[in-house]
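Okay, structure first, notes after.
Values reported hereafter were calculated over all heavy atoms of this structure, with side chains retained and with hydrogens, waters and symmetry mates removed. Every value quoted in this text rests on a predicted model; they were computed, and no experiment measured them.
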Amino acid sequence: MTDKMYPNDELRTDKNKYSVQSRLFGHRIKPQQTRYEYLVEFLQVAIAKKRIMDVTGENEITDYFPVSKDIENHAIEYMPVSNMGLKRFIFFNNSRLDTKSDIDKKAYQLCLETIGSSLDKDNSIESEKYIIYILQNILYGFSIENAGRSWFNKNLLPICPEVIFPESLATKKDRSNVKLYSEEVDSSFSFNSYTYMARGGEVYYLHLLHAVNNGGLKYKERLEKQIRKMLDSMPEISEISRFIQNEWQKGLDVSDSNTPVVKKKCGAIPVEYGYRDEYTLSEVTTFMDNHIQPMEKINLFSCGIVLQIFRLMTTTAAKGSNTAGSAWVMDVCDKNKKEYAEVKKLSSRCFLMNEECIIKYIDMGIEYHCTKPQDREKIPKIREDAEKDTTKVIRKLGKSMGIIIPLSGANMRFTLSEDVIKFLVMSLIPAGSKVTFDRFLDLIYEHFEIVVSPEHYERAVSENKAVYQKNVTFLQTNKIDFAQKLKNCGLLRDLSNATAIVENPYEREEYEN
């Protein structure tokens with residue numbers, strides 16, 4: 001265990017700066033964040049202009065993943081575009097009443113009037129209202145599930161760059177003295193609060209940035225093109241969004257150049273995450289190369305990010321604590337099979353070992369970082385908070401993704417949902433390619449320590465990734481049932497009685513030079 005993080009600027013050496021869990025697993029991962037918000041926040045950091053802090057003569061950087069030796073020891077600052085007028089237009093009418101301040105009610109009406117006056121319509125009020133209603137509903141249809149939030153704290157799926165909003169917070173008191181026709185209408189929000197966009201996307205971004213800067217340069221251009229391609233897949237939505245934001249700014253009489261810049265600073269991640277750099281870059285670029293419907297790509301990518309973060313956390317904890325508990329024994333056995341009870345029992349035991357190795361690593365981190373007398377008094381609370389931001393996050397997100405069952409009750413264990421199966425195939429097998437079923441089992445074990453078969457359980461035991469159990473022949477049924485799940489997804493074909501292939505049926509994306 002070390003104090004070194006990435007980036008490792010002088011602020012990171014202050015042991016009071018971050019919580020124990022932030023130092024062990026990255027700053028920061030919180031249970032409030034949904035898997036879609038991980039993706040939104042990651043893309044927000046990637047596409048924003050950036051600068052390397054405290055480096056003289058450094059201009060704003062437009063690269064998604066800048067390459068520089070300076071990043072190693074200096075924090076990254078990024079400047080996302082807030083587009084509060086667009087955000088207000090989409091969400092104001094569909095949010096909590098108690099946080100709608102008078103100034104924002106006036107601003108919303110001004111927004112509607114400004115946009116309405118610029119529409120190509122038949123000069124009737126009814127036509128104007130109808131067009132605005134249609135535009136709002138088109139955009140709101142891409143809303144992430146965030147019922148009960150204020151309008152300024154809602155988000156859309158990342159269907160285009162314009163709707164990737166940073167988190168913003170405000171109270172009626174904060175907004176009470178704001179005047180209409182001033183830049184404060186859109187600027188007097190707190191853009192550096194982390195409630196729902198809790199920095200998990202920053203953690204993932206820094207992991208990829210570290211990977212690109214430490215041997216992964218060959219992936220940089222490809223990855224940047226892939227992200228641009230994904231965000232440009234709905235140009236009509238981009239055009240509508242730009243129109244609304246531009247008209248709002250005209251009505252407010254505030255130009256882009258006068259709009260205050262939002263500035264946010266990335267946190268840091270443990271350097272131990274570097275062990276997975278090559279794997280993650282390979283997986284994400286292989287996945288992004290698949291030419292699939294944009295909404296499906298967004299959905300699967302959000303699953304993939306969470307899966308990769310889970311793997312980072314679990315393996316780092318197992319390595320750091322020297323605990324044989326990092327393998328994920330997946331229960332994919334048909335409940336009607338006699339072997340099901342044994343598969344369930346082993347999978348539950350391994351899930352428990354996963355959590356135990358994380359908790360053991362947390363306890364080691366507390367011993368290492370909490371050395372002052374005042375810290376020792378707070379250990380029960382520190383430990384409780386650390387578990388909430390690690391094992392509880394895995395449980396919450398895992399259940400929402402369908403990879404942890406049951407939703408309530410005892411015997412929690414990992415399984416493989418259809419979305420995760422698709423991500424695994426599309427991230428490990430290049431578009432249009434195929435491998436044998438046995439080779440695919442090798443790949444999911446090597447990349448994610450996923451165990452389905454008896455052969456891979458024995459391998460995990462030999463590599464100190466699972467606790468020894470003498471007889472696991474029942475996992476052969478688990479393996480057969482996993483093959484059937486792949487077949488049901490249209491991803492596996494039997495060539496003969498002895499051979500089956502797992503095939504990625506999608507075409508490869510084409511990119512402009």
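- By the 4.5 Å heavy-atom criterion applied to side chains, R88 and D186 are counted as neighbours.
- Under the 3.5 Å distance criterion, the side-chain polar atoms of R96 are left unmatched by any main-chain donor or acceptor of S150.
- Crowding of E145 atom CD: a count of heavy atoms from other residues, nucleotides or ligands under 6.0 Å not exceeding 12.
- Using a 3.5 Å distance cut-off with no hydrogens or angles, the side chains of E278 and Y219 do pair a donor with an acceptor.
- Inter-residue side-chain proximity for Y273 and M313 is flagged as met; some heavy-atom pair is nearer than 4.5 Å.
- For the pair Q33 (side chain) and K30 (backbone), a donor-acceptor distance under 3.5 Å is absent.
- Counted by atom type alone, S168 and K87 present one or more donor-acceptor pairs between their side chains at under 3.5 Å.
- Salt-bridge check for D389 with R28: failed, with every basic side-chain N at 4.0 Å or more from each acidic carboxylate O.
- Heavy atoms of other residues, nucleotides or ligands lying less than 6.0 angstrom from CD of E507 number 12 at most.
- By the 30° and 60° cut-offs, the orientation of the rings of H27 relative to Y18 is parallel.
- Looking at residues two or more places apart in sequence or on another chain, you find no ring-ring contact (aromatic ring centres under 6.0 Å, His included) involving H207.
- With respect to the salt-bridge test (charged N to carboxylate O, under 4.0 angstrom), the residues E221 and K225 qualify.
- Looking only at atom types and distance, the side chain of S19 has a donor-acceptor partner in the side chain of S22 under 3.5 Å away.
- Side-chain atoms of N94 and W151 form no donor-acceptor pair, as typed in the model, at a separation below 3.5 Å.
- L139 contributes atom CG, which lies 5.0 Å from atom CD1 of I244 (distance to the nearest 0.5 angstrom).
- Residues L231 and I164 have side chains in contact (heavy-atom distance under 4.5 Å, counting atoms from C-beta outward).
- Side-chain contact between P294 and M234 is present, with at least one heavy-atom pair separated by less than 4.5 Å.
- Of the possible polar contacts, one joining the R376 side chain to the C370 backbone as a donor-acceptor pair under 3.5 Å is found.
- With no hydrogens or angles considered, no side-chain donor-acceptor pair links N93 and Y133 at under 3.5 Å.
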Any chance you could lay out the side chain to side chain donor-acceptor pair (under 3.5 Å) test for D174 and T171, step after step, and finish with the verdict? CA-CA 5 Å; D174 295 332; T171 64; 3.0 Å; yes
Please assess L397 against I403 for the test side-chain contact (heavy atoms from CB on, under 4.5 Å), listing each intermediate value before the final yes or no. CA-CA 9 Å; L397 287 177; I403 62 168; over 6 Å; no
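- Contact check on R276 versus E283 returns a salt bridge, with a Lys/Arg side-chain nitrogen under 4.0 Å from an Asp/Glu carboxylate oxygen.
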Does the pair F89 and Y108 meet the rule for a ring-ring contact (aromatic ring centres under 6.0 Å, His included), with working shown? CA-CA 7 Å; F89 177 82; Y108 178 66; 7.4 Å; no
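- With respect to D289 and R222, a salt bridge is recorded, a charged nitrogen being found less than 4.0 Å from a carboxylate O.
- E77 pairs in a side chain to side chain donor-acceptor pair (under 3.5 Å) with only one of the listed residues (R51, K49, K264), which is R51.
- No donor-acceptor pair closer than 3.5 Å links the side chain of K263 to the backbone N or O of M79.
- Closest heavy-atom contact between V178 and S182: CG1-OG, 4.3 Å.
- A donor-acceptor pair is defined here as one N or O able to donate and one able to accept, closer than 3.5 Å; no such pair exists between the side chain of K399 and the backbone of I404.
- Across P66 and I61, no two heavy atoms sit closer than the pair CB-CG2, 3.7 Å.
- A pairwise comparison of heavy atoms in G251 and L110 identifies O-CD2, 4.1 Å as the closest pair.
- No side-chain donor from either of N290 and E509 sits under 3.5 Å from a side-chain acceptor of the other.
- For the pair Y64/K220, no side-chain contact is recorded, criterion being any heavy-atom separation below 4.5 Å from C-beta on.
- Within the 4.5 Å cutoff, side-chain heavy atoms of K154 are placed close to those of S95.
- Remark: I237 CD1 to E239 CD distance equals 10.0 Å, nearest 0.5 Å.
- A donor-acceptor contact under 3.5 angstrom links the side chains of Y78 and E202, judged on distance only.
- Contact check for L43 versus I227: side-chain heavy atoms found under the 4.5 Å cut-off.
- Classification of E72 and K4 as a salt-bridged pair holds, one side-chain N sitting under 4.0 Å from a carboxylate O.
- Classification of the F42-Y204 ring pair by plane angle, with boundaries at 30° and 60°, yields perpendicular.
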Go through it in stages, so that I can follow the logic: the residues are Y368 and D363, the test is side chain to side chain donor-acceptor pair (under 3.5 Å), and I'd like the CA-CA distance, side-chain angles, deciding distance and then a yes or no. CA-CA 9 Å; Y368 185 82; D363 287 339; over 6 Å; no
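- Side chains of Q109 and E113: no donor on one and acceptor on the other come within 3.5 Å.
- Counting all heavy atoms, side chain and backbone alike, L180 lies closest to V185 at CA-CG2, 4.0 Å.
- When atom types are taken as modelled, the side chain of E162 and the backbone of R242 share no donor-acceptor pair closer than 3.5 angstrom.
- Within the model, atoms CD1 of I292 and CG of N299 stand 9.0 Å from one another, a figure rounded to the nearest 0.5 Å.
- The aromatic ring centroids of F301 and F423 lie 6.0 Å or more from each other.
- When all heavy atoms are compared, the tightest approach of P270 to G26 is CD-N, 3.4 Å.
- Remark: R311 fails to qualify as a cation-pi partner of F448 under the 6.0 Å distance and 45° angle criteria applied to the six-membered ring.
- Looking at S101 and D104, their side chains do bring a donor and an acceptor atom within 3.5 Å of each other.
- In this structure a side-chain-to-backbone donor-acceptor pair under 3.5 Å is missing from K422 to S417.
- Counting only heavy atoms from C-beta outward, the side chains of F165 and P80 never approach each other to under 4.5 Å.
- Ring-centre distance between H210 and Y6: below the 6.0 Å cut-off.
- Of the inter-residue distances, the one linking I305 atom CD1 with L300 atom CG reads 11.5 Å to the nearest 0.5 angstrom.
- A donor-acceptor pair under 3.5 Å links the side-chain atoms of T285 to the main chain of S282, judged by distance alone.
- Side chains of E387 and Q21: no donor on one and acceptor on the other come within 3.5 Å.
- Between the Q245 side chain and the L86 main chain, a donor and an acceptor come within less than 3.5 Å of each other.
- Smallest separation of non-hydrogen atoms from E167 and L169: OE2-CD2, 4.3 Å.
- Put simply, the side chain of K381 never gets that close to the backbone of E377: no donor and acceptor are under 3.5 Å apart.
- For E510, the CD atom sits in a loose shell: 12 or fewer heavy atoms of surrounding residues, nucleotides or ligands are nearer than 6.0 Å.
- Crowding of K100 atom NZ: a count of heavy atoms from other residues, nucleotides or ligands under 6.0 Å exceeding 12.
- In the model, S400 has no side-chain atom that pairs as donor or acceptor with a side-chain atom of R35 under 3.5 Å.
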Is there a side chain to side chain donor-acceptor pair (under 3.5 Å) between S193 and S190 once you walk through the steps? CA-CA 6 Å; S193 299; S190 172; 2.7 Å; yes
